[in-house]
Amino acid sequence: FGSSLATAIRVTSFFLSAPRDFQRPRSPRRCRRVAMESRAGSSSPHGAVPSPAGCSSSYEADIAEHERPGSADYIAHSSSFLVNNVLERGSLKESGTVDESPPVKKKGAFAGVFVPTCENMWGVLIFLRFYYIVGQAGIWQTLCVVALSFAVALCTTASMSSIASSGGLASGGGPYHMISRALGPVVGASVGIMYWLAITMLAVLECLGAVESLAMAVPETEFPWHMQAIGSAFLAGLALTVWGGINIVTKLGLFFVIVVFYTLFSFYFGLFTAPHEEGGNEWLTGLSMANFEANWGPHYDRNNSFGTVLALFYPCFTGILSGANRSDVLKDPPKHIKHGTFAAIIFSFFMYVSFFILWGSVADYRYLQGHVHGGNEDLESEASHFDVGRTVVQNIVWNPFPKSAFIGIIIASLSQSLQCLIVAPRLLQQIARDDILTVLKPLAPLSKKGEPTRALLFTYLVAALLVLIGKLDLVAPLLAMCFLVAYAFMNCSCFALTWLKSPAWRPDWIHQKRWRA
C-alpha cells in the first residue's frame with residue numbers, strides 16, 4: 001500500500017508540475033484560433049492564414065495532439081482530467097463500453113434518490129408478513145426489531161455517503177464502482193459479489209411473494225409445487241423482459257410507483273376502517289386500546305423467536321443503495337445520495353412503526369398469528385397458509401373492487417423483482433470487467449446493444465435455482481444474511497480507514513473523526 005501510494009504521489013506531482021516544464025506557445029488561445037482558420041484556408045478567398053509569431057508551422061498537428069484526451073499536454077493543462085476522465089471514462093473506453101449517447105437530464109435528491117430508494121425498500125413483506133410479525137413478537141419487540149434494522153441502515157448510509165464524498169466516482173457501475181474506486185478493488189469486489197447475490201435473492205423473494213398473492217387471490221392456482229412452478233414462470237418472463245431492453249421498464253416506472261402507493265393506501269385505509277363485515281371474527285374488533293395492551297408483549301409459538309422475526313423483517317431495509325445505482329444521473333451525487341437516502345430510511349422507519357402499531361391495535365394477537373377461525377383454534381390446523389392471508393387481507397384491507405389489494409401486491413412485487421434483475425447483471429458485469437476474479441471474465445463482454453447479456457443469463461440461472469426453495473419465510477433470512485455481509489464489509493472498511501487516518505480517505509462528513517466512526 002505504501003509503495004502504491006508513493007507511486008501515485010510521484011505521478012500526481014509530475015502532472016501538476018508539467019505546465020512549467022512543457023514548452024508551449026505564448027498565446028495558446030490565439031494560436032488555436034489561427035490554426036482553425038488555417039484548416040479552412042483552401043475554401044477561404046484569401047487562402048491559408050499564416051501562423052502568428054510563437055506558433056509552429058505544424059501547430060495544427062499540435063492542436064490535434066493537445067486536444068486529444070489522454071495526451072500528456074492535455075493532462076498537463078487540466079489536473080482534474082486525471083480524476084474525472086482517466087478513472088471514469090478511460091477504463092470504459094478501453095473496454096469498449098463507453099456510452100456516447102447524449103447526456104440525460106440530471107435529477108435531484110428527491111426524484112433521483114428518495115423515490116427509487118423507497119420503492120425498492122417497500123416490498124412484498126409489508127403486505128404479507130407485517131401482521132404475522134406483530135402477532136408473534138408483540139408491539140414492543142417489533143419496534144425493537146425496526147429500531148435495530150434502522151440502526152444498521154443508518155450506519156451503512158453514513159458509510160456510503162462518505163465513500164461518495166471521498167473519491168467514489170459516479171458512473172453506471174453503481175455502488176460497486178464507487179466502493180472499488182474509494183476503498184480499493186479487493187474490497188469493492190468482495191462487497192460487489194455479496195451485493196449481487198443479495199439483489200438476486202431479493203428478486204426471488206419478490207417473485208415468490210407475487211406467487212403467494214396470486215394463490216390468495218385465485219385459490220384454483222394452488223397445486224403441489226405451485227410456488228416453484230409459477231415462480232419459475234414469473235422469473236423467466238421478467239428475465240426475457242430485461243433481455244428485450246429496459247426502455248419499456250423505464251416507461252412503466254411511474255405506473256409501478258403509483259401501484260405501490262395505491263397498495264399502501266389500501267392497507268392504511270383498511271386498518272383505520274376495519275372490520276368491514278359485521279358479525280365476523282370475534283378477535284377482529286378494529287382499532288382499540290384493549291388490543292394494543294393485549295398485543296404489547298410477545299406471544300411466540302414454538303417455531304419462532306426474536307431472531308426469526310428479525311430475519312423476516314430486515315429485508316424491508318435492504319434498498320438503501322438504490323441511490324448509488326443511479327449516481328450517474330444525479331446533479332451532485334455525494335450530496336444527493338446522502339440527503340436522499342437518509343430521508344428515505346427515516347421516512348420508511350416512521351412508516352413501518354405506524355404500520356406495526358396499527359396492526360397491533362386492530363385485532364387480537366391470535367388472529368394476527370393466523371387463527372382466523374375465532375375461538376375454535378382446532379380449525380386452524382386445517383386452514384392453509386394462503387387461506388389465512390386471504391382472510392386477513394379481505395377482512396381488513398380496503399378493496400374498492402374485488403381482489404384489488406391482491407392485484408396491487410402482485411404488480412408491486414413483480415415490478416421490484418424486475419428492477420432487481422436490471423441492476424444485478426450490470427453489477428456482475430462491472431465486477432467481471434475489472435478482472436479481479438478471473439473466473440468471472442467470460443461475463444464481461446457486452447452485446448451489440450450494449451447490454452450485459454451473459455451476466456443476465458448467469459444471474460437468471462442462479463435465481464432460477466434459488467426460486468426452487470419455494471417458500472418466502474426461508475428466502476428472507478438468506479437474503480438478510482447476504483445484505484448484512486455486504487454492509488459489514490462497507491462499514492468495517494470505512495471504520496478502518498478512518499481509524500488509521502489513511503491519506504487516500506477524504507470523506508467530508510461523519511468519518512472525518514475517529515470518535516464519530
Side-chain angles (χ1 to χ4, degrees), residues 107-127 129-130 133 142-165 168 174-175 178-179 191 194-195 198-199 202 205-206 257 260-261 264 268 309-327 330 332-357 412 416 419-420 423 476 479-492 494-495 507 509-511 516-517:
K107 298 181 181 180
F110 180 79
V113 181
F114 178 83
V115 173
T117 301
C118 289
E119 184 183 3
N120 285 328
M121 284 195 296
W122 300 344
V124 70
L125 296 176
I126 297 178
F127 311 119
R129 289 296 183 272
F130 270 23
I133 291 175
T142 300
L143 296 182
C144 290
V145 167
V146 178
L148 185 59
S149 303
F150 173 74
V152 175
L154 195 69
C155 293
T156 308
T157 302
S159 297
M160 182 180 63
S161 303
S162 299
I163 291 171
S165 64
M178 293 173 56
I179 295 169
V191 176
M194 292 306 302
Y195 187 57
I199 294 178
L202 183 59
L205 179 80
E206 296 297 330
V257 172
V260 171
F261 278 96
L264 289 172
Y268 267 117
V309 169
L310 175 61
L312 189 59
F313 168 77
Y314 183 75
C316 295
F317 268 114
T318 55
I320 58 178
L321 298 185
S322 300
N325 292 333
R326 297 165 176 82
S327 58
L330 299 178
D332 187 354
K335 176 182 177 181
H336 292 159
I337 288 175
K338 179 174 68 175
H339 293 172
T341 308
F342 272 113
I345 64 173
I346 292 173
F347 182 84
S348 299
F349 170 77
F350 285 105
M351 189 188 77
Y352 296 155
V353 169
S354 65
F355 258 124
F356 283 126
I357 292 177
Q416 186 169 358
Q419 295 292 337
C420 293
V423 173
L479 168 66
M481 285 189 286
C482 291
F483 272 110
L484 286 173
V485 171
Y487 295 164
F489 268 115
M490 288 179 56
N491 293 331
C492 292
C494 293
F495 174 79
W509 193 51
I510 193 171
H511 285 90
R516 294 178 183 174

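Positions are given from 1, in the same order as the sequence printed here. A quick note: this is a predicted structure, and the numbers were derived from the prediction, not measured.
Looking at Phe355 and Leu264, their side chains come closer than 4.5 Å, going by heavy atoms from C-beta outward. In this structure, Val145 and Leu312 have side chains that are not in contact, with every pair of non-hydrogen atoms separated by 4.5 Å or more. For the pair Phe130/Cys316, a side-chain contact is recorded, criterion being any heavy-atom separation below 4.5 Å from C-beta on. Side-chain contact between Tyr314 and Leu484 is present, with at least one heavy-atom pair separated by less than 4.5 Å. No side-chain heavy atom of Thr341 sits under 4.5 Å from any side-chain heavy atom of Ser161. Contact check for Ile345 versus Thr157: side-chain heavy atoms found under the 4.5 Å cut-off. Residues Met490 and Tyr195 fail the side-chain proximity criterion, which asks for heavy atoms closer than 4.5 Å.
Applying the side-chain contact (heavy atoms from CB on, under 4.5 Å) test between Ile320 and each of Leu154, Thr156, Val152 identifies Thr156 as the sole match.
One distance of note links CE of Met194 with CD1 of Ile199; it measures 11.5 Å at 0.5 Å rounding. Note that the OG1 atom of Thr318 and the CZ atom of Phe483 stand 4.0 Å from one another [nearest 0.5 Å]. With rounding to the nearest 0.5 Å, the separation of CZ in Phe356 from CG in Leu143 is 8.5 Å.
Checked against the 6.0 Å centroid criterion, the rings of Phe127 and Trp122 do not qualify as a close aromatic pair. Between Phe317 and Tyr487, the ring centre distance reaches or exceeds 6.0 Å.
Judged by distance alone, with hydrogens and angles left aside, the side-chain atoms of Ser354 form a donor-acceptor pair with the main-chain N or O of Met351 at under 3.5 Å.
Annotation: side chain to side chain contact (heavy atoms under 4.5 Å, CB included) contacts of Phe350 (sequence neighbours excluded): Ile346. Scanning for ring-ring contact (aromatic ring centres under 6.0 Å, His included) contacts around Phe349 gives Phe150, with sequence neighbours left out.
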